[in-house]
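Each ligand, and each atom within it, is numbered from 1 in the order the structure gives.
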Amino acid sequence: MQAEYRQRREQLMAKIGNGTAIFRSAPMAVMHNDVEYAYRQDSDFFYLTGFNEPQAVAVLAPHHQEHKFVLFVQPKDREKEVWTGYLCGVEAAKEIYGADEVYPIAELDEKLPQYLEKADRLYYHLGRDRHFNDKILGHYQELLRTYPKRGTGPIAIEDTGTIIHALRLIKSESELVQMRQAVAIAVEAHNYAREFTTPGRYEYEIQAEIEHIFRKRGALGPAYPSIVASGVNACVLHYIENNRQIQSGELLLIDAGCSYNYYNSDITRTFPVSGKFTPEQKILYELVLSAQKQAIAQVQPGNSFKSVHDTAVRVLTEGMVELGILTGEVDKLIEEEKYKPYYMHRTSHWLGLDVHDVGVYQHGEDKPQILQPGQVLTVEPGLYIVPDTKLAEDQPATDPRWVGIGIRIEDDVLVTATGHEVLTAGVPKAVDEIEQ
Ligand code: GLY
Ligand code: MN
Ligand code: MN
C-alpha cells in the first residue's frame with residue numbers, strides 16, 4: 001500500500017511543478033467537555049500518506065533537492081501514549097511512511113520556510129481552522145515581504161482541491177477492494193434489517209441491528225447517521241431520530257451505509273413492514289424503481305453525469321402526470337421544476353473516502369462532467385408525498401391516497417470500461433423479492 005500512496009504523491013507533484021503543497025491532518029473532534037470522538041483522518045491527508053494521527057502536516061516539495069515529501073508529526077511521548085495510545089513518532093514515520101524527512105510538529109514554523117522559499121506557488125486548502133490558516137498565510141506573507149531579497153518564493157496560493165480531488169474521483173483497484181467490503185457489510189445489514197422488521201418494533205431497534213452488523217464485521221461504524229424512517233417519517237430526507245414505533249401497513253425507509261477503512265457505502269431501501277404493499281404504495285414504489293433503473297442505465301462511460309439525474313426526473317414526472325399528481329405537459333413541468341415538491345434532491349453524488357465524495361459535477365455551465373471508468377456514484381431517486389406539500393397554483397390538490405408515502409431507492413454504482421456495475425445489487429429491490 002505504501003507504493004500506492006507514493007504513486008499518488010508523485011501524481012500530485014507532477015501537477016504542481018515548482019510549487020509546494022501543504023496538507024494538514026484533521027483535528028480531534030469534541031463529543032462533550034473533555035471527551036473526544038474516535039479519530040477520523042482528513043480524507044485528502046489520508047489519501048496521500050496513509051498516516052492516521054492528528055497534529056500532523058505533510059509537505060510536498062517536488063523542486064526540493066532532497067526532501068520532496070516531508071512530514072511533521074507528534075513525537076513519541078510515553079506519558080501521553082499511556083492515555084491515548086500508540087504514537088508513531090518521528091523515527092518510525094520516516095521508516096513506515098516513506099518520508100524524506102520527518103520533524104516534530106512543534107518545529108513546523110521553524111522548518112517550513114525552507115520548503116517554500118524556492119516554490120513559485122503555494123498549494124493549500126483554506127480549512128475550517130482559521131488559526132492554522134493564519135499560520136500558513138503568515139508564512140506566505142513573510143515570504144512575499146522578503147521576496148525581493150531572493151527573487152524566489154510563492155507569489156500565489158492555489159487550492160489543492162482541484163488537483164487532488166480529480167485524482168480521488170477515479171478509484172484504484174485497491175480502493176475498490178475497500179469499497180466492495182464496505183458494500184458487502186452494508187448489504188448484509190440491510191438484508192438482515194428487512195428480515196428483522198415487524199410492526200410493533202421501534203425504528204431504533206432496526207438501527208441497532210444494522211449498526212451491530214457494521215461493527216461485528218469490522219466496519220468503523222456508520223458512514224453517516226443511519227436513517228430508519230417508518231411511514232410519514234420517510235418524507236424527512238435526513239430523519240435520524242429513529243424513535244417511532246413501526247405500524248403495520250406502513251413502508252420502512254432505511255438509508256444506512258458503513259465506513260470500512262475510511263471507504264463508504266450508502267444504500268437505501270424502502271419496503272412494506274407487513275410484507276405486502278398497499279396498492280398506492282406499490283404504484284409509487286414501481287415508479288421510483290423504474291426511475292432508478294432507467295437512471296442506472298445511463299451510467300456508461302461517455303455519458304454525462306447530468307444525464308443520470310435528468311433521466312430520473314423525466315421518468316418520475318411522466319409517472320406523476322399519469323397518476324394525476326401533476327397535470328400539464330411533461331417538458332414544461334420539468335422545465336418549471338414542478339416535480340420538486342415531491343422530488344427535491346439530486347439523484348447522485350460521488351462516493352469514496354467521503355460519503356458525498358469530492359470531485360466536480362460539471363466543468364462550468366456548458367461543459368458537463370463525463371462519466372469515466374473508476375468513478376463511483378450513487379443513484380438514489382425518491383418520491384416524498386409530504387402531507388403539507390405546497391403546490392403551484394396550476395397544479396391539482398394531492399389526492400389523499402398518496403399522502404404520507406415516502407420512498408427512496410439508492411444503489412452504489414461503479415462506472416466500468418463497458419458500462420457499469422451495481423455494487424449494491426445484493427440487496428433486493430424488485431417488488432416480488434421484498435414482498436413476503
Ligand atoms: N445518506 C446520505 C445520502 O444518501 O446522500
Ligand atoms: Mn447517498
Ligand atoms: Mn443514502
Side-chain angles (χ1 to χ4, degrees), residues 40 43 168-169 171 179-180 182-191 193-194 203-204 206-207 210-211 213-214 219-230 233-242 251-260 262-271 285 288-289 291-293 295-296 298-299 305-306 308-309 311-313 316 340 342-361 369 371 375-384 406-415 420-429:
R40 185 5 170 125
S43 296
R168 281 177 54 191
L169 187 50
K171 274 65 185 176
M179 292 190 75
R180 284 178 197 281
V183 160
I185 295 170
V187 164
E188 183 181 324
H190 271 265
N191 285 334
R194 197 177 59 260
E203 293 162 344
Y204 56 72
I206 318 295
Q207 177 188 1
I210 289 168
E211 294 178 5
I213 291 173
F214 287 171
L220 294 166
Y224 50 87
S226 305
I227 297 167
V228 181
S230 58
N233 287 344
C235 295
V236 178
L237 300 179
H238 289 168
Y239 173 79
I240 55 171
E241 287 79 6
N242 299 351
L251 295 177
L252 186 69
L253 182 155
I254 301 178
D255 184 347
C258 66
S259 185
Y260 182 83
Y262 286 171
Y263 285 89
N264 298 295
S265 51
D266 181 4
I267 306 177
T268 307
R269 288 293 185 267
T270 310
F271 58 88
Y285 184 87
V288 175
L289 184 59
Q292 203 234 11
K293 285 182 171 169
I296 289 175
Q298 289 298 316
V299 181
F305 176 87
K306 189 173 170 292
V308 181
H309 179 64
T311 300
V313 164
L316 291 172
K340 269 205 169 165
Y342 305 110
Y343 183 44
M344 57 297 281
H345 60 80
R346 303 289 298 180
T347 304
S348 302
H349 55 81
W350 304 122
L351 183 70
L353 277 173
D354 295 323
V355 175
H356 294 166
D357 207 24
V358 294
V360 298
Y361 294 110
Q369 168 69 274
L371 296 174
Q375 294 171 337
V376 180
L377 63 152
T378 65
V379 182
E380 50 178 307
L383 275 182
Y384 313 91
I407 295 163
R408 178 164 66 255
I409 308 171
E410 175 174 31
D411 281 304
D412 304 341
V413 185
L414 166 68
V415 186
H420 63 255
E421 179 187 343
V422 179
L423 299 173
T424 44
V427 198
K429 60 185 176 185

Sidechain-backbone polar pair: [X] side chain, [Y] backbone, donor-acceptor under 3.5 Å:
| X | Y | value |
| --- | --- | --- |
| Asn191 | Gly426 | yes |
| Tyr260 | Val183 | no |
| Asn242 | Ser226 | yes |

Using a heavy-atom cut-off of under 4.0 Å, does the side chain or the backbone of His238 touch ligand 1, or both, or neither?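 Looking at His238 and ligand 1, no heavy atom falls under 4.0 Å.
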
What's the atom name of the N, O or S in [X] nearest to the Mn ion (ligand 3)?
| X | answer |
| --- | --- |
| Asp266 | OD1 |
| Asp255 | OD1 |
| Glu410 | OE1 |

Check against side-chain hydrogen bond (donor to acceptor under 3.5 Å, both in side chains), Thr378 and Asp266: CA-CA 7 Å; Thr378 65; Asp266 181 4; 5.1 Å; no

Mind checking whether the Mn ion (ligand 3) has an N, O or S of Glu380 under 2.8 Å? no

Atom 5 (O) of ligand 1: which protein heavy atom is closest, and how many Å away? His356 NE2, 2.7 Å

Could you identify the single nearest non-hydrogen protein atom to atom 3 (C) of ligand 1 and state the distance to 0.1 Å? Asp266 OD2, 3.3 Å

Are His349 and Glu380 linked by a side-chain donor-acceptor pair shorter than 3.5 Å? yes

Checking side-chain polar atoms at under 3.5 Å, does Thr424 have a donor or acceptor matched by the opposite partner on Asp411? yes

Using a distance threshold of 2.8 Å, state whether an N, O or S atom of His349 lies below it from the Mn ion (ligand 2). yes

Enumerate the atoms of ligand 1 whose separation from the nearest heavy atom of Glu410 is less than 4.0 angstrom.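 By the 4.0 Å cutoff, the relevant atoms are 4 (O).
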
Would you confirm whether the ring centroid of His190 sits within less than 6.0 angstrom of the ring centroid of Phe271? no

